[in-house]
Amino acid sequence: MRGFQTSGFSRFLLLASSVATVCMVPLAHAQSPALHHTTPAVTPATVSASKVPTTHENITVHAPPLPSIVLYPHATPTGQPVRTTGAQGRTSGRQYDWGVFNRGNGEAAGFGPVGQYGVAPWAEDWSRLRDKSKRTDPFDVLKYIALNESGSIWLSFSGETRLRNWFESRPNLGTQKNNDSGRFGVRNLYGADLHLGSHVRLFGQLINADAGGWNYYGYGSTYRKRLDAQQAFIETRWNMLGAKSGFIFGRQQFLDAPSYMLYNRETPNVPLSWNGFRGYMVWPRLRIDGWDFVQTNDAETRLFHDTENYNTRLYGFNMSWAPPDGHFMGDRSYSFLDTFYVGYKLSGSSGAIAGPGTSSNNGSNTRNNFGVRWHGLAGPFEFSVGGIWQGGTFRYAKTDRARSVSGYAINTLVGYRIPKDRFHTFFGLQTDVYSGGNKNKTNGTIGTYISPFNPQTNYLDTTTYMTGSNLISFAPLVRATFFKSVSLQVKYPLYWRYSTQDPIYRSSGFYKFAHNFDGKFIGMAPQASLAWQINAHVSWTQYVSRFMTSNALNRAGGSSATYYQSNFVFRF
């Protein structure tokens with residue numbers, strides 16, 4: 001990645017974004033109904049080779065439509081409001097045909113969860129709309145625009161406008177002195193996906209955002225953003241060694257990691273994006289993925305000036321295997337086994353570690369994460385079990401002094417969905433352990449696990465006051481879908497420090513209280529979320545939590561707090 005010239009790479013990103021976003025010509029009549037990524041039906045007589053003509057077979061799959069509440073699903077298959085099948089995901093949703101990896105919310109395919117819409121809009125496949133009889137929505141005219149007579153060159157537009165407001169009585173456990181803070185944010189993400197046949201496409205996405213409120217705090221370039229390129233990449237696809245393969249180069253979202261480790265940066269207006277390359281191969285029951293990125297430098301406030309932040313790198317590979325299906329307690333059973341390596345390099349303040357007292361030490365932080373995750377369902381039970389060992393090296397700034405790293409994380413979510421229950425009721429238990437170290441040590445191994453790239457916001461804590469470092473969390477939860485478009489979840493997490501010699505960490509850095517906090521129990525944060533999919537394009541999600549700090553934390557200067565958040569989202 002160091003070989004890229006910043007200015008040239010930026011010009012490529014802006015050019016790709018412009019081409020994909022503004023390229024639109026009059027609609028032509030599509031002739032071919034073939035779906036993108038459709039695989040020819042093969043019989044034993046046709047396997048031999050090219051001398052025998054390949055035959056195509058049209059197969060109609062009868063599956064009920066996706067319930068409204070999963071039109072825009074969230075990460076982690078465990079605890080989804082409604083259980084769905086792979087057939088529903090392909091015939092009713094908008095996933096590409098990734099076979100068994102489409103099951104549930106499609107997250108197992110490595111491109112984030114996809115229902116009718118996806119966290120990554122370029123993971124949506126709208127090619128079926130070349131058959132005009134399948135267009136049932138007023139926005140369908142924007143989802144497939146044929147640019148040539150055969151329909152092999154086509155354009156698809158996507159868009160999202162999100163209005164988010166939230167209230168905090170005592171932000172950040174009472175350490176942020178803008179009490180009774182009310183904040184408001186609005187963002188616009190609009191893009192275009194230009195397909196040049198079945199093997200090449202360009203995707204571009206623009207962003208702008210603003211924020212306001214009263215007694216607000218913390219607004220920066222991730223909340224207020226002048227128009228810029230959020231994503232701009234070229235992708236090539238082909239079949240190789242029996243696998244559906246692809247290579248993506250440019251600025252892009254990345255979601256092929258457990259959502260408790262790395263996600264899309266949901267609370268601020270500007271999601272995470274990365275610059276570099278990614279390659280993938282998908283077989284019927286195995287897929288591999290490799291990547292090398294630098295983070296987008298979104299600190300710029302000028303128009304179209306985001307570049308690359310070479311101080312922050314992300315690289316690694318993932319392999320996912322889908323074992324043979326089975327049955328358990330009279331119902332189907334399937335699962336996915338992921339093994340992965342995720343490395344990242346952080347420099348400057350982003351790579352700092354806690355030091356004696358309330359000090360911090362800047363430096364370069366290299367973290368090598370080796371992990372495994374097993375997730376899926378077994379009859380009425382749904383589960384996700386994962387473990388990560390984190391090694392690496394921390395080098396103090398302006399010195400040659402270095403320390404090794406050895407931390408770990410264990411993340412489990414196991415639950416029971418009542419069979420044939422009209423409310424799809426799910427009872428679960430989530431447990432998370434993130435190792436901590438000793439901030440007073442200035443030599444030896446660093447034991448604090450870090451997760452700097454924003455795990456899914458509501459995985460650990462709706463308020464985002466807690467993050468995955470020096471933490472033990474125990475959280476029972478229940479979720480029910482009372483109507484086809486309304487889902488309610490109630491969760492009751494309790495938090496402890498892993499090590500009393502390490503501070504409490506937040507999403508950026510660690511907490512500094514007025515007095516020394518010598519306790520282990522941090523507090524508990526009962527929380528509820530209500531999701532209403534008003535129609536196919538508009539949703540309203542609300543979160544409420546009461547973070548109740550422990551007596552020991554109150555004596556140190558912490559404070560309990562009430563938190564409320566509302567998200568009104570339009571997308572197409």
Could you tell me if [Y] and [X] have a donor-acceptor pair between their side chains, going purely by distance under 3.5 Å?
X      : Y      : result
Asn297 : His305 : no
Asn188 : Thr161 : yes
Gln533 : Asn535 : no
Asn318 : Asp289 : no

When rounded to the nearest 0.5 angstrom, what is the spacing between [atom1] in [X] and [atom2] in [Y]?
X      : Y      : atom1 : atom2 : result
Phe293 : Gln252 : CZ    : CD    : 4.0 Å
Ser156 : Leu142 : OG    : CG    : 8.5 Å
Thr425 : Ile418 : OG1   : CD1   : 4.5 Å
Trp166 : Phe184 : CH2   : CZ    : 9.0 Å
Arg417 : Thr78  : CZ    : OG1   : 9.0 Å
Lys420 : His424 : NZ    : NE2   : 13.5 Å

- Before giving the answer on side chain to side chain donor-acceptor pair (under 3.5 Å), spell out for Asn275 and Thr296 the whole-Å C-alpha distance, their side-chain angles and the decisive distance to 0.1 Å. CA-CA 6 Å; Asn275 304 273; Thr296 300; 3.0 Å; yes
- Message: Walk me through whether Tyr144 and Trp126 qualify under ring-ring contact (aromatic ring centres under 6.0 Å, His included).
- Response: CA-CA 6 Å; Tyr144 180 88; Trp126 296 90; over 10 Å; no
- Item | Charged tip of Arg237 within 45° of Tyr96 ring normal and under 6.0 Å | yes
- Item | NZ or CZ of Arg103 within 45° of Tyr334 ring axis and under 6.0 Å | yes
- Task: Could you give me the CA-CA distance, side-chain angles and deciding distance for Gln430 and Lys491, then say whether side chain to side chain donor-acceptor pair (under 3.5 Å) is met?
- Result: CA-CA 9 Å; Gln430 177 183 326; Lys491 187 176 179 181; 3.0 Å; yes
- Item | Partners passing ring pair (Phe, Tyr, Trp, His ring centres under 6.0 Å) against Tyr260 (at least two apart in sequence or in another chain) | Tyr459
Test item: [X] and [Y] side chains (from C-beta on) under 4.5 Å apart, heavy atoms:
X      : Y      : answer
Val486 : Leu530 : yes
Leu272 : Asn454 : yes
Thr481 : Phe423 : no
Arg571 : Ser539 : yes
Leu255 : Asn264 : yes
Tyr72  : Val119 : yes
Trp122 : Ser158 : no
Lys225 : Asn269 : no

Backbone N or O of [Y] within a donor-acceptor pair of the [X] side chain at under 3.5 Å?
X      : Y      : answer
Glu124 : Tyr117 : no
Arg135 : Leu129 : yes
Arg479 : Gly79  : yes
Arg332 : Gly326 : no
Thr84  : Gly104 : yes
Arg251 : Ala229 : yes
Arg285 : Ala322 : yes
Arg164 : Phe568 : no
Gln230 : Pro271 : yes
Asn369 : Val342 : yes

Might you point out which heavy atoms bring [X] and [Y] nearest each other, and give the distance in Å?
X      : Y      : answer
Ala378 : Ser333 : CA-OG, 3.7 Å
Pro81  : Val70  : CG-CG1, 4.0 Å
Asn148 : Ser152 : ND2-OG, 2.9 Å

- Message: List the residues meeting side chain to side chain contact (heavy atoms under 4.5 Å, CB included) with Asn458, not counting sequence neighbours, and say none if there are none.
- Response: Thr462, Tyr543
- Charged N to carboxylate O under 4.0 angstrom, Asp292 versus Arg313? yes
- Message: Can you tell whether the side chains of Arg224 and Asp210 come within less than 4.0 Å, N to carboxylate O?
- Response: yes
- Chi angles and distances behind the salt bridge (Lys or Arg N to Asp or Glu O under 4.0 Å) call for Arg83, Asp331: CA-CA 13 Å; Arg83 181 184 290 183; Asp331 202 349; 3.7 Å; yes
- What's the verdict on side chain to side chain donor-acceptor pair (under 3.5 Å) for Gln253 and Gln231, showing C-alpha distance, side-chain angles and the deciding distance? CA-CA 7 Å; Gln253 286 174 288; Gln231 300 188 72; 3.0 Å; yes
Which word best sums up how the rings of [X] and [Y] line up, parallel for under 30°, tilted for 30 to 60°, or perpendicular for over 60°?
X      : Y      : value
Phe317 : Tyr341 : tilted
Phe249 : Phe247 : parallel
Tyr280 : Trp98  : perpendicular
Phe336 : His375 : tilted

- Task: Verify salt bridge (Lys or Arg N to Asp or Glu O under 4.0 Å) between Asp256 and Arg287, making sure each step is shown before the conclusion.
- Result: CA-CA 11 Å; Asp256 193 14; Arg287 72 173 186 88; 2.7 Å; yes
- ring-ring contact (aromatic ring centres under 6.0 Å, His included) assessment of Trp154 paired with His195: CA-CA 5 Å; Trp154 56 283; His195 294 254; 3.9 Å; yes
- Message: Quick check on side chain to side chain donor-acceptor pair (under 3.5 Å): which of Gln205, His537, Arg187 does Glu160 satisfy it with?
- Response: Arg187
- Query: Only one of Trp274, Phe277, Trp291 forms a ring-ring contact (aromatic ring centres under 6.0 Å, His included) with Phe254, so which one is it?
  - Reply: Trp291
- What do the steps show when you test Glu266 against Thr457 for side chain to side chain donor-acceptor pair (under 3.5 Å), and what is the final call? CA-CA 6 Å; Glu266 296 174 296; Thr457 296; 3.1 Å; yes
- Any chance you could lay out the salt bridge (Lys or Arg N to Asp or Glu O under 4.0 Å) test for Asp306 and Arg226, step after step, and finish with the verdict? CA-CA 10 Å; Asp306 284 357; Arg226 298 188 68 184; over 6 Å; no
